[in-house]
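Note that ligands are numbered from 1 as they come in the structure, with each ligand's atoms numbered from 1 the same way. Everything numeric in this text was worked out from a predicted model, so none of it was measured.
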Amino acid sequence: MTPTEQAREAAATLARLTGVDHHDVALVLGSGWLPAVDGLGEATAEITTTDLPGFSAAAVAGHAGRIRSISAGDRRLLVFLSRTHYYEGKGVAAVVHPVRTAAAAGCRSIVLTNGCGGLKETWKPGTPVLIRDHINLTARSPIEGAHFVDLTDLYSARLRGLCLEVDPSLDQGVYVQFPGPHYETPAEIEMVRRIGGDLVGMSTTLEAIAAREAGMEVLGISLVTNLAAGISGAPLDHAEVLEAGRAAAGRMGDLLGRIVPRL
Ligand code: 8IG
């Protein structure tokens, strides 16, 4: 079976379990984002990811292994409360299977969120930043074979514009994905700075590529939860990540709530 056929099977089971034939917008939640979705609309179904073919169990604390179907005005949202990370070693196809399933379920746009490290000292923990472009340092692609997908404007300028209408104070940045699961050394962060990166994390770029391949419009939003290694001198800590998410949930929820109806 091809990845697309596997995604179609997952989407068929999803439709049966949620009672919703067609979803419109997908959201993938990163570290710290869970509290931000509660105000988006009425949750009409919530299923365990492993009830769908091709999904594996969640591995990170703060990532519930569930998928929620939300009714928001005239939109049906498909919210992945967890993601599979590249560092879990399950392969790139497993990482992007949720994205392909969302496309097969009918979603034409996807919001990829993450928690990440920031390179700008003005980005205090809890600052949301729009992803304007990425650098994929995993050295992998979710696409196999001679399929040459254009990634110009991968992170839709139209969707970023909508976000800026809602909140003109939002900053934008270049997200750099490392394989993880270790954080960077200070020397690696200096490298990121020199190659033009602003944000560092362990997700999102492979998913964004798969979303573009599937024809979806991509919005990426990072929640800066810590200063990148070596900038403040303090060690990095996962508890700090979850706390920054809780503290910023109000602002993130408000932003998502105002953007999603316009996607
Ligand atoms: I949250 O500083 C979070 N995720 N690679 N570096 C990387 N991933 C992260 C970081 C960080 N913070």
Would you sort out whether L130 and D171 count as a side-chain contact (heavy atoms from CB on, under 4.5 Å), showing the intermediate values? CA-CA 6 Å; L130 297 176; D171 269 337; over 6 Å; no
Give the C-alpha distance, both sets of side-chain angles, the deciding distance and a yes or no for side-chain contact (heavy atoms from CB on, under 4.5 Å) between I135 and V192. CA-CA 9 Å; I135 298 173; V192 168; over 6 Å; no
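Look at G180 and you'll find every heavy atom at least 4.0 Å from all atoms of ligand 1.
Contacts between T225 and ligand 1 below 4.0 angstrom, taking non-hydrogen atoms only, involve the side chain exclusively. At a heavy-atom distance under 4.0 Å, only side-chain atoms of N226, from C-beta outward, approach ligand 1.
For a threshold of 3.5 Å applied to N or O pairs, the pair formed by H182 and ligand 1 contains no separation below that value.
Remark: D51 does not engage R66 in a salt bridge, criterion side-chain N to carboxylate O under 4.0 Å. No salt bridge links R108 with E217; every basic N to acidic carboxylate O contact stays at or beyond 4.0 Å.
Atoms of ligand 1 lying under 4.0 Å from any heavy atom of E184, numbered from 1 in the order shown and given with element: 2 (O), 5 (N), 6 (N), 7 (C), 11 (C).
Applying the side-chain contact (heavy atoms from CB on, under 4.5 Å) test between I209 and each of N136, T204, V149, V218 identifies N136 as the sole match.
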